[in-house]
Number of protein chains: 2
Amino acid sequence: MGGFKMDEQYLKSIQQQLHQAGFKLTPQREATVCSLIENEEGHLSAEEVYMRVKEKSPDIGLATVYRTLEILSELKILDKVSFTDGLIRYDLRREGSQHHFHHHLLCTQCGKIQEVHEDLLLDVERVVEQQFHFQVTDHKLTFQGICMDCQRKNREQQQKQ
Amino acid sequence: MGGFKMDEQYLKSIQQQLHQAGFKLTPQREATVCSLIENEEGHLSAEEVYMRVKEKSPDIGLATVYRTLEILSELKILDKVSFTDGLIRYDLRREGSQHHFHHHLLCTQCGKIQEVHEDLLLDVERVVEQQFHFQVTDHKLTFQGICMDCQRKNREQQQKQ
DNA sequence: ATCCGTGCAAAATCTTTGCATCTCG
DNA sequence: CGAGATGCAAAGATTTTGCACGGAT
């Protein structure tokens, strides 16, 4: 919506999923979904989504945002994630409900979170199924470490000294 | 400590780590650590730890349990984890801070959580480091799916019908 | 008219903090 | 003895819920 490009296709697809599940496409829900798409990979908390939605639709209530996020989670359009602070954050599941959730790389130095959409766990899941007889349906994987930028900064810092 | 076997060695090691980090060895802290060891793989919440500690040491306060859990987390004796409910749960890190955190298998049918102490991510970490230039220091991996017991139950259920 | 959705405010949870007192080392 | 730890209660923070009203079919 706003100035920069909005993934209309994706928005429509989500609206369709809401509709097919019997939910109405209210302005509040549309505004919430738009904010999520505009901040894709932003890993926003409920409060952060609320603040962004409120810029465009000032009359919306925080409870409505919570209720919408809950619906979107149930429909597997979103996944709830949580990193360093205890806050629940919401992450669009672009891969769809039929694929496994994407991975995250969390930099413990700058806090940045990078997404990995390639599924790196196919082999590991085979081991889990064969060795532990556990039938995998999904996964959540986060690597903690130092991102490329911080590695570079750290090297530069060392050279100065 | 109570009726069943208590891992004295592990308790001592944790007390030593507390001591070396400059913390006092109070009865409350000992009771908290004991409850955690007795309920290893229990993935207890703060409230659940509190209730268990209170059985042995009725005068302890919930705030003290929170403060102790926070200290143990900082010392990497515990890891905070979170599964289906939003609650923060505490998981003893037996592998120590020098190894990567163990994996979890969460059964979405019965809610049981199984631990996998073998590190299945060595190859994947190599890919992450080479392909994404991300220097991995730790990871958190949870598989969702159906545990062996539920698979069996489901098969038996199907045969009846 | 009916059903669903909404905003507001209150309630419910979970967690942290301030402070007087106590205790380990 | 003194710094750190504790218990209690109060405050904070986050999330859920109750309820009357509103809007679309």
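Worth knowing before you read on, the calculation uses all heavy atoms, side chains too, and leaves out hydrogens, waters and symmetry mates. Remember, it's a predicted structure, so these values are computed and weren't measured experimentally.
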Name the residue from B:E41, B:H102, B:H117, B:E40 that meets the side chain to side chain donor-acceptor pair (under 3.5 Å) definition with B:R94.
B:E40

Between B:H43 and B:F83, does the ring centroid distance fall short of 6.0 Å?
yes

Is there a side-chain contact between B:N154 and B:Q109, using heavy atoms and a 4.5 Å cut-off?
yes

List the atom of A:Y50, the atom of A:G61, and the distance in Å for their closest heavy-atom pair.
CE1-C, 3.6 Å

Please tell me which of the listed nucleotides, D:dG23, D:dT17, D:dG4, lies nearest to the side chain of A:A63?
D:dT17

When rounded to whole Å, the CD to P distance for the pair B:E48 and C:dT15 reads 11 Å

Using only side-chain N and O atoms of A:Q28, determine if any of them is under 4.0 Å from OP1 or OP2 of C:dG7.
yes

Given atom CG of A:L25 and atom P of D:dG23, what is their separation to the nearest angstrom?
18 Å

Counting only heavy atoms from other residues, nucleotides and ligands, does the tally under 6.0 Å from CD of B:Q9 exceed 12?
no

May I have the distance from A:L18 (atom CG) to D:dA24 (atom C1'), rounded to whole angstrom?
17 Å

Determine: side-chain N/O of A:Y66 to OP1/OP2 of D:dT16, distance under 4.0 Å, yes or no.
no

Whole angstrom is fine here: how far is it from CG in A:L62 over to P in D:dT16?
10 Å

Distance, rounded to the nearest Å, where B:I60 contributes CD1 and C:dC22 contributes P
18 Å

Could you check A:R29 against B:A46 and say which one's nearest nucleotide on DNA chain C is further toward the 5' end?
A:R29

Would you say D:dT6 has OP1 or OP2 under 4.0 Å from some side-chain N or O of B:T26?
yes

Under-3.5 Å donor-acceptor pair between B:R67 side chain and D:dG7 base
yes

Whole-Å distance, B:D59 CG to C:dT21 P, equals 18 Å

Closest nucleotide of DNA chain C for B:I88 versus for A:F23: which of these residues is on the 5' side?
A:F23

Measure the distance from CG on B:D85 to C1' on D:dT15 and round it to the nearest whole Å.
13 Å

Whole-Å distance separating the CD atom of B:E47 from the C1' atom of C:dT13:
10 Å

